[in-house]
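Atoms within a ligand are numbered from 1 in the order they appear, just like the ligands themselves.
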Amino acid sequence: MVRADAPGKIILFGEHAVVYGQPAIAVPLHAVQASATVEPAPYGSGLSVYAPDIGQTLRLESLDGGPDDPLHNAFIFPLQVALRYLQHPIPDLSITIRSTIPIASGLGSGAALATALVRALCSALGHPLFNDELNPLIFQVEQRHHGTPSGIDNTVIVYEQPVYFIRGAPPQPFAIARPFTLLVADTGHSSPTRKTVDDVRHLYETAPEQIGAIFSAIGGIARQAREKIAAGEIASLGLLMDRNHDLLCQLTVSSEALDRLCAAARTAGALGAKLSGGGRGGNIVALVDDARAASVAEALRSAGAVNVIQTVVKPSG
Ligand code: PMV
């Protein structure tokens, strides 16, 4: 039996603007993860995927094609991409995939499922992949899910490192001078990223100068945040998160629930808060002093968060 895991992720700065070439910062979220296990199957039985979380079993019927629906794209398409990459015929294997990452919530569920599936399958076939090989394969899956993804989700999830990301450029690791604590709070509303990315594109086409200026302002915040993180100036990071959230509101990707959770976090003493990911649902991220983490988490639950995850971003190595 072969097993592979992949974490979730959280975008700290720069979502949406990153699609238009601005920098963004994201970190892996190890508190949630996808895991795939591969077992041999009887001769001639082909490749099947069992997803007990949703009670579904799917079969890979061919190396090409299949319906453009969410289940096929999540569970079968990544395996087709992997087998084509390895130029391997359909093997007799049975894969079980589980995930604790909520779907369509800005935590990278699609990229993490694909990463766990492709890693596990390639290892089981005797061809474990380097991350540099794996990342473009998972990007292909992201394109199938989202149309025009920036590539930030697959990059942070495959490398499992905090990244300073610019579309089309190699991922840049960056210095983290001091650990800092985040709370990730879920509105409980799912929201497909493809839709918010499409809506932002329409907005940009309607008012390119005005919306382009918002993208540039968000990019400026991501650049400043990188410097603050490298200098260990954590308190001023909170202010940058608040400003980033305001700009995302102007891009129409916030929601009443996201605004409510951000406000509740700030009132309870968070240093800053913003929506994270595609928006209109999913999660917010709040920066907190350790001493305040429990009371801010409680305030988030009282304000309607269905789940609150605490995570610490640490210097790597
Ligand atoms: O909602 P998520 O976790 O898939 O994040 C999307 C981030 C966007 O910047 C909105 C889109 C992208 O491809 O970068």
(message) Give me the nearest non-hydrogen protein atom to atom 6 (C) of ligand 1 as residue plus atom name, then the distance to 0.1 Å.
(response) Thr193 CG2, 3.6 Å
(request) Could you find the nearest protein heavy atom to atom 4 (O) of ligand 1 and give me its residue, atom name and distance? (result) Asp153 OD2, 3.1 Å
(message) If the cut-off is 4.0 Å to any non-hydrogen atom of Gly106, which atoms of ligand 1 fall inside it?
(response) 1 (O), 2 (P), 3 (O)
(request) Determine, using the 4.5 Å side-chain heavy-atom cutoff (strictly less than), whether Leu71 and Val49 are members of one ILVMFWY cluster. (result) yes
(message) Only heavy atoms of Gly278, strictly under 4.0 Å: list the atoms of ligand 1 that pass.
(response) 1 (O), 2 (P), 5 (O), 6 (C), 10 (C)
(message) Using a 4.0 Å cutoff against the non-hydrogen atoms of Gly277, which atoms of ligand 1 qualify?
(response) 1 (O), 5 (O)
(message) One thing to verify: whether Arg119 and Asp5 come together as a salt bridge, which I'm taking to mean a side-chain N less than 4.0 angstrom from a carboxylate O.
(response) no
(message) Tell me whether the count of non-hydrogen atoms from other residues, nucleotides or ligands lying under 6.0 Å of CD in Glu205 goes above 12.
(response) yes
(request) May I ask you to list the atoms of ligand 1 that are less than 4.0 angstrom from any heavy atom of Glu15? (result) 9 (O)
(request) Verify the neighbour count for atom CD of Gln87: are there more than 12 heavy atoms of other residues, nucleotides or ligands below 6.0 Å? (result) no
(request) Taking only heavy atoms of His146 into account, list the atoms of ligand 1 that are under 4.0 Å away from them. (result) 4 (O)
(message) Run the salt bridge (Lys or Arg N to Asp or Glu O under 4.0 Å) test against Arg201 and tell me which residues pass, sequence neighbours left out.
(response) Asp198
(request) Closest by any non-hydrogen atom to atom 8 (C) of ligand 1: pick that one out of His16, Gln22, Arg167. (result) His16
(message) With heavy-atom distances below 4.0 Å as the criterion, list the atoms of ligand 1 near Ile152.
(response) 14 (O)
(request) Just jot down the ligand 1 atoms closer than 4.0 angstrom to any heavy atom of Pro149, in number order. (result) 13 (O)
(message) Consider side-chain hydrogen bond (donor to acceptor under 3.5 Å, both in side chains). Of Thr193, Thr252, Thr196, which one does Arg280 pass it with?
(response) Thr252
(request) Just jot down the ligand 1 atoms closer than 4.0 angstrom to any heavy atom of Lys9, in number order. (result) 2 (P), 3 (O), 5 (O)
(request) Just need the protein heavy atom nearest to atom 7 (C) of ligand 1, so name the residue and atom and give the distance. (result) Ile11 CD1, 3.6 Å
(request) Can you run down the salt bridge (charged side-chain N to carboxylate O under 4.0 Å, His left out) pairs that involve residues 129-151, sequence neighbours left out, and say none if there aren't any? (result) Asp68-Arg144
(message) I'd like the name of whichever of Ser150, Ser105, Ala26 reaches closest to atom 12 (C) of ligand 1 through any heavy atom.
(response) Ser150
(message) Distance alone, cut at 3.5 Å: any donor-acceptor contact between the side chains of Ser255 and Arg260?
(response) no
(message) Side chains of Ser254 and Leu248, heavy atoms from C-beta outward: is any pair under 4.5 Å?
(response) no
